[in-house]
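Every number for a ligand or one of its atoms is a count from 1 in the order of the listing. Worth knowing before you read on, the calculation uses all heavy atoms, side chains too, and leaves out hydrogens, waters and symmetry mates.
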Amino acid sequence: MRYAHIIGWGAYLPDKVLTNDDLAQMVDTSDEWIYTRTGIRERRIAGEKETTATLAFEAAARALAVADLHPSQLDLVIVATSTPEYIFPASAARVQDYLGATRAGAFDLAAACSGFIYALNMASQAIATGSIDTAVVIGSETLSRVMDWEDRGTCILFGDGAGAVVLKGSSVPGGLMSSTLRADGSGGDLLSLPAIYHNPIPMLGPEYLRNGHEKNTISMNGRQVFRFATRVVSESIAVVVEKAGLTLDDIDIIIPHQANVRIIESAAKRLKLPMDKFFMNVDRVGNTSTASIPIALCEAIEAGKMHPDDNVVFVGFGGGLTWGAGVIKWDVMPRDISFVGREWKRARYTMARGRSRLRKFGRRIGARLLGSPIPDARLKDAEKK
Ligand code: COA
């Protein structure tokens, strides 16, 4: 039997801070309204040159440094995201290239804010079956790019960022010990983001456009999502704890998807758990969707809240509707990495970019020598004939 242990973790937040007061200059809202309804004070916004893949790369590089794993030892890169740069290539493939993870497969996973829980489950199962031995699971978002900055019901909630964990197989019991993944597609319209500008899925019909979905931005029915979230957070925690053969008393810390403090307060009440069992950082980062759990995990570790042998619960929920949770047996002590060690590891990525450029250059030279091996150029030639 193989177990997928978390051996590394990393988070990356863009520098730019957007406070509630900043938002009050943009839409009709206030710091007081936002804070009392959500617990959010500020969020981060990606810079012009930052993308979901660059944020994901930064988080993954940090997680690999903690794991002391060379990128070429990775078997799989998963990026859970709702804001990929392209439908394809996957953001994960770009991260694979930036890391120089030359032996790894790479794909994106779309399960909205539950994406990290889903991806952690997929990678852990692949390790448990022996199909792979190592993986980096990343949640990364540039939600500011798909935000309707005139809609005060949504733009106050979300932020940008990335978080990652490195998984490695071991015969020692540990890592993800139980999990649940659920979905209810009938609630898809409660929280959605069309894939293509002005071209929503035909299934949703003209009614969908009339309801203000003409833009490629997030739309949400806040009240209904709130009700859904409070129910599934408490339910899925109870399910995974029981599946792991534990009781709520055995759980040391719960790291929930950071959407809204009131959602977690309500779930805590249903479970009769004190709020200090839940680690929260939504006040400083807002809702970073797939990135929120791994970012919160990194902060919980930094705050000294994670100890070997702790039973930890991750729980997520979001568009789809999707939700899920997992119990993790925590078994790694944080290590201090020296400045020199960190810088030396970063040098690898400069070399990886150099190798990537060389491969691209090689392809271009090949194209010149062979005439026109670019697929659509060949197609055009064929049409002319
Ligand atoms: N500032 C000030 N007023 C606002 C506002 C804002 N940013 N957003 C909405 N309002 C107003 C509404 O227009 C409404 O005014 P009205 O009564 O005059 O019509 C009033 O506040 C109440 O709106 P409502 O939508 O019922 O507020 P709410 O108490 O449900 O709070 C959310 C709104 C979005 C904070 C809350 O529903 C929520 O957090 N839902 C879950 C969202 C979530 O977490 N989504 C992500 C899941 S992954």
Heavy atoms only, cut-off 4.0 Å: how does [X] contact ligand 1, side chain, backbone, both, or neither?
{"X": "I263", "result": "side chain"}
{"X": "T154", "result": "neither"}
{"X": "N260", "result": "side chain"}

Side-chain ion pair, [X] and [Y], N-O less than 4.0 Å:
{"X": "D68", "Y": "K345", "answer": "yes"}
{"X": "E235", "Y": "R182", "answer": "no"}
{"X": "D133", "Y": "R2", "answer": "yes"}
{"X": "D252", "Y": "K277", "answer": "no"}
{"X": "E50", "Y": "R145", "answer": "no"}

Which of the numbered atoms in ligand 1 are below 4.0 angstrom from a heavy atom of [X]?
{"X": "I156", "answer": "7 (N)"}
{"X": "R37", "answer": "22 (C), 27 (O), 28 (P), 29 (O)"}
{"X": "F226", "answer": "38 (C), 39 (O), 40 (N), 41 (C)"}
{"X": "D28", "answer": "1 (N), 2 (C)"}
{"X": "H257", "answer": "48 (S)"}
{"X": "A259", "answer": "44 (O)"}
{"X": "C113", "answer": "48 (S)"}

Nearest protein heavy atom to [atom], by residue and atom, and its distance?
{"atom": "atom 35 (C) of ligand 1", "value": "T38 CG2, 3.8 Å"}
{"atom": "atom 46 (C) of ligand 1", "value": "N287 ND2, 3.5 Å"}
{"atom": "atom 41 (C) of ligand 1", "value": "G222 O, 3.5 Å"}
{"atom": "atom 32 (C) of ligand 1", "value": "W33 CH2, 4.6 Å"}
{"atom": "atom 1 (N) of ligand 1", "value": "T29 OG1, 2.7 Å"}
{"atom": "atom 26 (O) of ligand 1", "value": "R223 NE, 2.4 Å"}
{"atom": "atom 14 (C) of ligand 1", "value": "R152 NH2, 4.7 Å"}
{"atom": "atom 34 (C) of ligand 1", "value": "G153 O, 3.8 Å"}

| Considering residues at least two apart in sequence or located in another chain, which fulfil the ring-ring contact (aromatic ring centres under 6.0 Å, His included) criterion with F228? |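 With neighbours one apart ignored, the set is W323.
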Sorted by chain and number, sequence neighbours left out, ring-ring contact (aromatic ring centres under 6.0 Å, His included) with Y349 holds for F57
May I ask whether [atom] is less than 4.0 Å from at least one protein heavy atom?
{"atom": "atom 10 (N) of ligand 1", "answer": "yes"}
{"atom": "atom 21 (O) of ligand 1", "answer": "yes"}
{"atom": "atom 4 (C) of ligand 1", "answer": "yes"}
{"atom": "atom 18 (O) of ligand 1", "answer": "no"}
{"atom": "atom 7 (N) of ligand 1", "answer": "yes"}

Would you kindly say whether [X] and [Y] are connected by a side-chain donor-acceptor distance under 3.5 Å?
{"X": "D160", "Y": "T142", "value": "no"}
{"X": "H5", "Y": "D331", "value": "yes"}
{"X": "T19", "Y": "D21", "value": "no"}

Within the structure, is a non-hydrogen atom of I34 found at a distance of less than 4.0 Å from ligand 1?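 No, I34 has no heavy atoms under 4.0 Å from ligand 1.
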Which of T52, N287, T290 passes side-chain hydrogen bond (donor to acceptor under 3.5 Å, both in side chains) with E141? Answer is T290
Q | M26, M147, E150 screened by side-chain contact (heavy atoms from CB on, under 4.5 Å) with C155, the one that passes | A |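 Result: among M26, M147, E150, M147 is the only option passing the side-chain contact (heavy atoms from CB on, under 4.5 Å) with C155.
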Using side-chain heavy atoms (C-beta onward) and a distance below 4.5 Å, is L74 in contact with L99?
yes
Correct closest heavy-atom pair for A92 and V79 would be CA-CG2, 3.5 Å
